[in-house]
Student: 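Provided herewith is a single structure, encoded as structure tokens, for subsequent inquiry.
Small disclaimer: the values here were computed from a predicted structure and weren't measured.
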Amino acid sequence: MRYDLVIFDNDGVLVDSEPISNTILAGYLTELGHPTSYEESLRDYMGAAVHRIHDLVRERTGQALPADFDDTLHARVFAAFERELAAVDGVTEVLEKLVADGVPYCVASSGSHERIRVAHRKTGLDRWFEDRTVFSAEDVGRGKPAPDLFLHAAERMGVAPERCVVVEDSPLGVAAARAARMDVYAFTAMTAAVKLTGAKGYFGAMAELPALLA
């Protein structure tokens, strides 16, 4: 393999969480008086850290979200994860191949550490990720599209950025990988390739990924 480290996004790449979390987010924002459709939530917040929600609402309305917004949102999302969440189809086979080939990998997500761990426990992916290979936007000052999270993951894993490849499914994530000067392959299961411009390649099913990384 031509890369020394594979960096996975989490939501939408490892776990099929985007439909769940964005349905809940859109409903909660609407409940708070900020009408938001599911499609608008995907457009504005998919792949973003929670601070982006606060920033955009304040920018657009001049209003601050409630002090307990994050806690309430996370509680609703985690409850839904326990009922509905599944791993992305085929991702276990991709991880098995990386392990068999001796290729290091990690996860770098805009979600909190708690969100990542809840999702991994529910889907059984926790067996594939040690604590030392899990990185969150909580670990850095700026979330995606800033490159900070991917650069932090590469540094902690001891790999130069140019030897890393990122697997992403959101425009913000693709932009962050490019800003980090890393190759990025875009998963198009939920987002059309035309919205993920700048990726080195595109794939619609996890079974296609190993050949792209080889």
Side-chain angles (χ1 to χ4, degrees), residues 8-89 91 107-126 129 134-146 148-150 167-177 186-192 195-196:
F8 290 97
D9 176 42
N10 191 56
D11 293 294
V13 172
L14 296 176
V15 296
D16 193 16
S17 55
E18 294 292 7
I20 299 171
S21 58
N22 281 281
T23 296
I24 292 170
L25 174 58
Y28 187 27
L29 287 173
T30 300
E31 176 186 320
L32 292 173
H34 307 289
T36 306
S37 68
Y38 171 71
E39 292 75 17
E40 289 168 338
S41 183
L42 288 175
R43 180 195 68 200
D44 293 341
Y45 305 120
M46 182 174 170
V50 71
H51 69 76
R52 179 177 171 86
I53 306 170
H54 291 266
D55 293 344
L56 283 185
V57 168
R58 186 178 294 107
E59 177 184 314
R60 291 170 174 174
T61 70
Q63 300 175 14
L65 290 169
D68 64 349
F69 176 85
D70 294 8
D71 290 341
T72 301
L73 176 64
H74 291 153
R76 294 183 183 187
V77 169
F78 294 166
F81 280 2
E82 291 295 340
R83 295 190 303 267
E84 307 171 42
L85 189 63
V88 168
D89 188 42
V91 77
V107 58
S109 171
S110 292
S112 66
H113 278 283
E114 183 183 12
R115 178 186 173 115
I116 298 166
R117 283 309 188 193
V118 167
H120 286 190
R121 284 195 300 270
K122 170 61 179 176
T123 59
L125 291 180
D126 53 340
F129 291 92
V134 176
F135 304 100
S136 161
E138 291 180 323
D139 303 330
V140 295
R142 299 181 298 169
K144 305 170 188 178
D148 304 37
L149 176 56
F150 290 140
V167 183
E168 264 287 355
D169 72 328
S170 74
L172 293 175
V174 171
F187 185 36
T188 59
M190 282 195 61
T191 304
K195 296 182 178 180
L196 299 168

Student: Hey, does the side chain of T36 reach the backbone of T30 with a donor-acceptor pair shorter than 3.5 angstrom?
Tutor: no

Student: Atom CD1 in I20, atom CZ in R83: separation rounded to 0.5 Å?
Tutor: 8.5 Å

Student: Determine whether a donor-acceptor pair (N or O, by modelled atom type, separation under 3.5 Å) exists between the side chain of E18 and the backbone of M46.
Tutor: no

Student: Is the number of heavy atoms from other residues, nucleotides or ligands within 6.0 Å of CG (D89) greater than 12?
Tutor: no

Student: Short question: side chain of S110, backbone of A137 - any donor-acceptor pair under 3.5 Å?
Tutor: no

Student: So, do F69 and L29 sit near enough that their side-chain heavy atoms are less than 4.5 Å apart?
Tutor: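 F69 reaches L29 side chain to side chain.
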
Student: Of all heavy-atom pairs between F129 and R117, which one has the smallest distance, and what is that distance?
Tutor: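 What the structure gives for the nearest pair is O-NH1, 3.1 Å.
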
Student: Search all heavy atoms of L73 against all heavy atoms of I53 and return the closest pair with its distance.
Tutor: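 Minimum heavy-atom separation between L73 and I53: CD2-CD1, 4.1 Å.
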
Student: Search all heavy atoms of V77 against all heavy atoms of I24 and return the closest pair with its distance.
Tutor: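 Of all heavy-atom pairs spanning V77 and I24, the closest is CA-CD1, 3.8 Å.
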
Student: Rounded at 0.5 Å granularity, tell me how far CG in L65 sits from NE2 in H34.
Tutor: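 L65 atom CG to H34 atom NE2 measures 5.0 Å (nearest 0.5 Å).
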
Student: Can you measure from CZ (F81) to NE2 (H74) and round to the nearest 0.5 angstrom?
Tutor: 9.5 Å

Student: Determine, stepwise, if the pair V13 / V88 fulfils side chain to side chain contact (heavy atoms under 4.5 Å, CB included).
Tutor: CA-CA 6 Å; V13 172; V88 168; 5.8 Å; no

Student: Of all heavy-atom pairs between L149 and S109, which one has the smallest distance, and what is that distance?
Tutor: CD2-O, 3.4 Å

Student: Nearest 0.5 Å, what's the CZ-NE2 distance between R115 and H120?
Tutor: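 It is 11.0 Å, given to the nearest 0.5 Å.
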
Student: Is there side-chain contact between T188 and K195, with at least one heavy-atom pair below 4.5 Å?
Tutor: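 The answer is no, as the side chains (C-beta and beyond) never meet within the 4.5 Å cut-off.
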
Student: What distance do D44 atom CG and L56 atom CG have between them, rounded to the nearest 0.5 Å?
Tutor: 6.0 Å

Student: Hey, are the side chains of L125 and V107 touching, using non-hydrogen atoms and a 4.5 Å cut-off?
Tutor: no

Student: Of all heavy-atom pairs between D148 and R142, which one has the smallest distance, and what is that distance?
Tutor: OD1-NH2, 2.9 Å

Student: NZ of K122 to CD of E84: how many Å apart, nearest 0.5 Å?
Tutor: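 So the gap between those two atoms works out to 9.5 Å.
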
Student: Which pair of heavy atoms, one from A86 and one from T123, lies closest together, and at what distance?
Tutor: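 Looking at all heavy atoms of both residues, the closest pair is C-CG2, 3.5 Å.
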
Student: We want to know whether T191 and D169 form a side-chain donor-acceptor pair, criterion being a heavy-atom distance below 3.5 angstrom.
Tutor: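 No, because no side-chain N or O of T191 sits under 3.5 Å from a partner of the opposite role on D169.
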
Student: Do E168 and L196 come close enough that some side-chain heavy atom pair is under 4.5 Å?
Tutor: no

